[in-house]
2 protein chains.
Amino acid sequence: MTKISDVAEKTGYSITTISRAINDHPYVSDKTKKKIFDAMKELDYYPNNVAQQLRGKGTKLIGVIISFVTNPFFTYLVDAIEKAAYQVGYQIVILQTLEEPEREKRFIEMLKKRQLDGLIMTSLDDDSPEVLKLIEAGKIVVCNRYLGEQNIPLIHVDEKKATYEATYYLLSKGHRKIGYVTGNRGSMLAVDPRFKGYVQALKEFGIEPNSDCVFPRRLTISDGKSTLTDVLALGEERPDALLVISDEVASGILSQCHLLNIEVPETLAIIGFDDQPIAEALYPGLTTVKQPIKEMGEYVAALIIANIEHRKQPEMPELNTKLIIRGTA
Amino acid sequence: MTKISDVAEKTGYSITTISRAINDHPYVSDKTKKKIFDAMKELDYYPNNVAQQLRGKGTKLIGVIISFVTNPFFTYLVDAIEKAAYQVGYQIVILQTLEEPEREKRFIEMLKKRQLDGLIMTSLDDDSPEVLKLIEAGKIVVCNRYLGEQNIPLIHVDEKKATYEATYYLLSKGHRKIGYVTGNRGSMLAVDPRFKGYVQALKEFGIEPNSDCVFPRRLTISDGKSTLTDVLALGEERPDALLVISDEVASGILSQCHLLNIEVPETLAIIGFDDQPIAEALYPGLTTVKQPIKEMGEYVAALIIANIEHRKQPEMPELNTKLIIRGTA
DNA sequence: CTGAAAGCGCTTACAG
DNA sequence: CTGAAAGCGCTTACAG
């Protein structure tokens with residue numbers, strides 16, 4: 001690999017001058033610069049970024065910790081982060097936890113070892129003092145969801161409001177038995193803002209939430225299919241509407257409705273969450289809660305980069321969800 | 001930030017010994033090691049990876065160039081690559097071109113500047129001599145698709161066979177007017193192996209391909225919806241089956257069929273491509289060509305890492321597609 | 001088993 | 001405007 005001394009040798013200038021030309025230092029004449037650039041081109045020389053990093057420039061790499069790359073929600077978030085970061089010279093390292101704590105640990109180590117300039121975490125398992133310190137130092141930004149106790153800053157949308165509005169919509173359409181389908185464990189419900197929004201709307205209509213109508217741990221399309229079976233097993237008591245915290249699970253339910261000739265939305269209304277592309281492709285189109293993923297991604301990228309470069313933090317935009325009404329409710 | 005000299009100072013050992021303890025060198029006694037590790041823990045010390053890199057260890061970073069992160073096909077490929085790479089200590093930098101050549105250029109520069117140990121490219125725009133040199137050197141591995149002229153090694157499935165089989169299936173079901181829906185530009189058809197497989201099957205049944213039934217540049221769900229309109233506009237001549245080189249586009253077509261009460265597969269049969277999760281969620285389930293994405297990702301990861309570490313290349317597995325028959329054909 | 005010193009490839013304060 | 005030299009934080013050949 002060619003290095004800076006090769007360029008110095010070839011041009012007759014000192015290493016110092018080559019470095020100054022590369023870094024566009026004013027004290028190098030244009031003629032000198034041109035000669036140097038020509039030589040660099042000829043030698044196919046590129047500065048070794050690792051050496052530059054050791055001299056204080058960062059890695060220009062931001063890690064983004066997500067649970068699964070194959071989850072479209074994260075994919076759209078990463079897309080927004082990547083575009084914003086690219087503009088200012090940063091790239092994204094994709095870090096999926098697969099919900100394994102050792103993976104999260106290793107990713108945080110990457111930050112400590114300075115492989116990464118900063119870290120965006122969409123989930124947080126390890127809230128040890130060291131991690132908290134990194135959050136305080138601005139090296140880690142937590143975004144989207146965190147169901148823990150600690151009082152840490154979190155960039156997120158108002159999820160409670162989102163489900164409140166969706167549930168309210170169903171209620172206003174006359175539904176009274178509304179089920180709740182979530183990917184979370186049942187034990188998490190107590191601290192889940194989405195569940196709280198659902199409960200609040202029900203209570204405003206004088207309805208006590210029925211735990212038989214809550215379906216936890218539903219994550220995939222085929223979970224959705226089996227959820228319909230569970231719903232039907234409730235007989236007379238079964239819900240006439242479902243708030244489903246995942247478009248994918250909702251799509252599984254809808255598909256099964258077709259198979260069993262259950263009319264949507266007449267017999268069963270369905271609202272999804274996220275407004276993934278699939279929502280538009282289904283028939284009937286899936287009514288769903290659109291998250292401001294793009295805005296959130298852009299903001300969180302701007303925030304971590306401001307932290308890395310010790311600049312003043314940008315102002316948080318309003319992160320509003322929106323109920324997109326299509327055919328299923 | 002704590003550095004190795006801080007650990008040396010605290011323990012009273014030399015920097016050399018600390019380094020040796022970190023790198024598990026045999027000439028350090030276990031008692032010494034323990035003392036050193038305790039001090040490291042106490043100081044929350046992590047070796048600066050950048051300095052280590054400069055001493056010859058790579059960045060342990062592999063770039064993966066894809067067109068769009070939001071495309072599920074790439075998402076599944078990245079997932080497979082990530083998992084295989086993680087096992088052996090590498091991480092993935094996600095590099096989306098958005099089909100802009102400057103982006104591709106910048107990503108290749110990252111490799112030249114040694115920000116990346118290797119590069120997996122799922123598309124290749126710039127086949128300049130320098131890039132070819134990097135491919136020959138094993139620093140770049142090209143995977144999936146390349147519609148260029150150059151004779152470069154490419155890891156890929158037998159796409160011609162895949163579309164041949166899908167088309168053959170439609171023909172054997174009695175369809176004779178089979179349309180072809182692709183994301184490529186029409187001008188690319190001549191070098192597109194997928195199109196060749198389609199044409200070959202038709203010819204075996206004595207059918208001349210009809211250019212009216214070829215729909216290029218269809219990339220999105222809403223492209224799919226408008227494609228049905230284009231199909232219907234053909235009147236008597238319209239196809240009774242469609243081979244669609246994208247599950248997403250196929251889902252758009254199917255959704256529009258529901259809207260216009262066109263029976264699938266009776267009036268119009270549809271075959272997609274990729275077997276994305278959406279295929280299973282649609283009604284009827286989408287018959288589609290499943291690609292061996294996992295196998296391809298694992299192999300390409302193993303290959304680039306073998307190159308990086310100057311080890312012998314693993315053997316290429318068979319990369320077979322499979323027609324998944326569901327309800328649309 | 002241990003340490004002083006050279007060196008990885010750059011940047012930059014200092015001196016000219 | 002230019003260059004010799006120090007130094008970023010490590011690893012390792014060399015000497016003991």
Side-chain angles (χ1 to χ4, degrees), chain A residues 1-37 39-40 43-61 89 109-117 308-309, chain B residues 1-37 39-40 43-61 89 109-117 308-309:
Chain A
M1 293 269 93
T2 56
K3 46 195 186 187
I4 196 168
S5 59
D6 297 329
V7 184
E9 208 167 309
K10 181 165 180 92
T11 57
Y13 290 101
S14 70
I15 288 177
T16 310
T17 301
I18 310 297
S19 173
R20 283 208 260 257
I22 291 167
N23 293 288
D24 208 26
H25 188 100
Y27 284 174
V28 185
S29 76
D30 285 352
K31 299 149 227 159
T32 309
K33 266 188 205 161
K34 178 158 174 22
K35 276 196 228 163
I36 291 173
F37 287 141
M40 280 168 55
L43 294 167
D44 195 28
Y45 167 75
Y46 285 81
N48 183 328
N49 191 257
V50 172
Q52 292 179 318
Q53 282 165 218
L54 196 56
R55 291 302 324 243
K57 315 200 173 183
T59 59
K60 299 288 181 185
L61 255 20
E109 264 178 30
M110 287 178 71
L111 180 65
K112 294 187 185 174
K113 290 157 72 178
R114 270 134 295 187
Q115 285 189 277
L116 264 21
D117 286 351
I308 291 169
E309 301 182 347
Chain B
M1 295 267 92
T2 57
K3 46 196 187 187
I4 196 167
S5 60
D6 297 329
V7 184
E9 206 167 309
K10 182 166 179 88
T11 57
Y13 291 101
S14 70
I15 287 177
T16 310
T17 301
I18 311 295
S19 172
R20 283 207 260 255
I22 291 167
N23 293 288
D24 207 26
H25 188 101
Y27 284 175
V28 185
S29 76
D30 283 353
K31 300 148 228 160
T32 310
K33 264 189 206 160
K34 176 152 177 24
K35 276 196 229 164
I36 290 173
F37 287 142
M40 280 169 56
L43 293 168
D44 196 28
Y45 166 75
Y46 286 81
N48 183 328
N49 191 256
V50 173
Q52 293 179 317
Q53 282 165 217
L54 196 56
R55 291 301 325 244
K57 314 197 172 182
T59 58
K60 299 288 180 184
L61 256 19
E109 264 177 30
M110 287 178 71
L111 180 64
K112 293 189 185 172
K113 289 157 72 177
R114 268 135 296 184
Q115 284 190 277
L116 264 20
D117 286 351
I308 291 169
E309 300 182 348

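Below, read A as the first sequence line, B as the second, and so on, with proteins coming before strands; counting in each chain starts at 1. For clarity, every value in this text was computed on a predicted model and none was experimentally measured. Note: hydrogens, waters and symmetry copies are ignored here, and every other heavy atom, side chains too, is used.
At whole-Å resolution of the value, NZ in A:Lys3 and C1' in C:dC8 are 8 Å apart. In this structure, B:Ile18 places its CD1 atom 16 Å from P of D:dG9, rounding to the nearest Å. When the P atom of D:dG9 is taken as reference, atom CG of A:Asn48 falls 17 Å away, rounded to whole Å. Rounded to whole Å, the distance from CD1 on B:Ile4 to P on D:dG9 is 11 Å. Distance B:Glu9 CD to D:dG9 C1': 15 Å, rounded to the nearest Å. Regarding A:Met40, its CE atom lies at a distance of 10 Å from the P atom of C:dC10, rounded to whole Å. Rounded to an integer number of Å, the gap from A:Arg55 CZ to C:dT12 P is 6 Å. The interatomic distance linking A:Lys112 (NZ) with D:dG9 (C1') rounds to 19 Å, in whole Å.
In terms of heavy atoms, B:Val50 sits closest to A:Leu54 at CG1-N, 3.6 Å. A:Tyr46 and B:Arg114 get closest at one heavy-atom pair: O-NH2, 3.0 Å.
Base pairing of C:dG16 is made with D:dC1, judged by Watson-Crick or G-U wobble geometry with both donor-acceptor distances under 3.5 Å.
Heavy atoms of A:Ile22 sit nowhere under 4.0 angstrom from any nucleic acid atom. Residue contacts for B:Thr17: at a heavy-atom cut-off of 4.0 Å it reaches the sugar-phosphate backbone alone, with no base atom in range.
Within a 6.0 Å sphere centred on CD of B:Glu9, other residues, nucleotides and ligands contribute 12 heavy atoms or fewer. Annotation: B:Lys33, atom NZ; neighbour count of heavy atoms from other residues, nucleotides and ligands within 6.0 Å is above 12.
The side chain of B:Ile15 sits closest to D:dT11 out of D:dC10, D:dT11, C:dG3. The listed nucleotides are C:dC8, C:dG9, C:dT12; the one nearest the side chain of A:Ser19 is C:dT12. Set against C:dC10, C:dT2, D:dA4, the side chain of A:Tyr45 has C:dC10 as its closest nucleotide. The side chain of B:Ala51 sits closest to D:dG9 out of D:dG9, C:dG9, C:dG3.
Of the two residues contacting DNA chain C, namely B:Thr16 and A:Leu54, the nearest-nucleotide position lying further toward the 5' end is that of B:Thr16.
For D:dG9, the OP1/OP2 oxygens have no side-chain nitrogen or oxygen of B:Gln52 closer than 4.0 Å.
Proximity of residues 23-36 of chain A to DNA chain C (heavy atom under 4.0 angstrom from any strand atom) is restricted to A:Asn23.
Put simply, the side chain of B:Asp117 does not reach to within 4.5 Å of the side chain of B:Leu61, judged on heavy atoms. A:Lys112 has its side chain out of reach of B:Tyr45: every pair of non-hydrogen atoms, C-beta onward, lies at least 4.5 Å apart. Residues B:Thr17 and B:Tyr27 form no side-chain contact, since every pair of their non-hydrogen atoms from C-beta on lies 4.5 Å or further apart.
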| Step-by-step side chain to side chain donor-acceptor pair (under 3.5 Å) determination, B:Ser19 to B:Thr16 | CA-CA 5 Å; B:Ser19 172; B:Thr16 310; over 6 Å; no

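D:dT12 and D:dG16: their C1' atoms are spaced 16 Å apart (whole Å).
The base of D:dG3 lies close enough to the side chain of A:Arg20 for a donor and an acceptor atom to sit less than 3.5 Å apart.
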